[in-house]
Amino acid sequence: MEPDALVTVFASTQSWESRLAQAALEAAGIEAFIADENLAHANWLYAGAVGGVKVQVRAAEKERAEAALTEAGVTRTARRRCPKCGSEDTRSSRLPAYVILGSWLLLGIPFLFHTPRYHCRQCGHEWKAGEGVKNGTAGE
């Protein structure tokens, strides 16, 4: 990866949380950028769809930025990693609401027993719950 490429070190669906993370990084002397903030403000539903309001730093400063965020107490509590490439840039895919509602109307019970699947945005790998790594241990 190029040292000037931007990598995400923090993401939140709340803009103010990402701004706090950016302020903590800049206080530590690390240049930080905010991505997808305007999209999240345009419609609050978009924030979750794009992975939240992201705080990004240059790839060369990633480890230093993560240490600064940890020291400042600004960290994500649950990190789901791709079992193939180890990336934390993942999303979950659940059943659409219309499928759950349709099963409830047609069968009398909602179809809630679906095992969630996860998708890595970096390598495209998909896996079921239990196959990923969360905070260094087997996760959802």
Side-chain angles (χ1 to χ4, degrees):
M1 184 177 290
E2 294 182 34
D4 286 339
L6 295 178
V7 294
T8 301
V9 292
F10 183 84
S12 174
T13 56
Q14 300 295 320
S15 176
W16 63 269
E17 289 178 337
S18 294
R19 286 291 176 177
L20 283 176
Q22 179 189 30
L25 290 172
E26 289 180 350
I30 301 168
E31 189 176 20
F33 306 93
I34 297 288
D36 297 330
E37 182 177 29
N38 290 334
L39 186 60
H41 282 289
N43 185 337
W44 66 271
L45 293 172
Y46 293 164
V50 297
V53 179
K54 299 171 195 72
V55 179
Q56 298 180 328
V57 298
R58 298 192 195 293
E61 296 185 330
K62 181 181 179 189
E63 288 80 21
R64 195 171 139 224
E66 289 174 343
L69 287 175
T70 302
E71 183 178 318
V74 182
T75 58
R76 292 176 285 179
T77 55
R79 296 180 180 178
R80 183 172 296 108
R81 294 182 185 266
C82 172
K84 185 175 180 183
C85 71
S87 171
E88 293 178 3
D89 191 9
T90 62
R91 65 177 172 82
S92 69
S93 57
R94 300 194 185 272
L95 284 177
Y98 67 87
V99 172
I100 295 172
L101 181 62
S103 68
W104 181 46
L105 292 173
L106 292 173
L107 303 173
I109 57 169
F111 185 64
L112 299 174
F113 306 105
H114 171 70
T115 304
R117 296 189 60 83
Y118 302 100
H119 176 80
C120 177
R121 292 181 177 146
Q122 295 294 321
C123 69
H125 180 66
E126 290 195 15
W127 70 97
K128 290 183 180 179
E131 296 175 27
V133 175
K134 191 183 210 180
N135 286 338
T137 61
E140 305 184 25

CD (E31) and CD (Q56) are apart, to the nearest 0.5 Å, by 12.0 Å
Side-chain donor/acceptor of S12 to backbone N/O of E17, under 3.5 Å: no
Could you tell me whether the side chain of L69 reaches within less than 4.5 Å of the side chain of V55, counting heavy atoms only? no
Heavy-atom closest pair (A28 atom, R64 atom, distance to 0.1 Å) is O-NH2, 3.2 Å
So do the side chains of V57 and V7 get within less than 4.5 Å of each other, counting heavy atoms only? yes
Within 6.0 angstrom of K62 NZ, more than 12 heavy atoms from elsewhere: no
E71 atom CD, neighbour heavy-atom count above 12 within 6.0 Å: no
Say whether I34 and I30 are linked into one hydrophobic cluster, either directly or through other cluster members, by side-chain heavy-atom distances under 4.5 angstrom. yes
Nearest 0.5 Å please: distance from the CG atom of L6 over to the NZ atom of K54. 12.0 Å
Closest non-hydrogen atom pair between F10 and A21, with its separation: CD2-CB, 3.7 Å
Looking only at heavy atoms, the pair that brings H119 and G124 closest together is CE1-O, 3.6 Å
Does a side-chain N-to-carboxylate-O contact under 4.0 Å join E61 and R58? no
Nearest 0.5 Å please: distance from the OG atom of S15 over to the NE2 atom of H41. 3.5 Å
What distance separates W127 CH2 from C82 SG, expressed to the nearest 0.5 Å? 4.5 Å
Does the side chain of H125 come within less than 4.5 Å of C85's, by heavy atoms? no
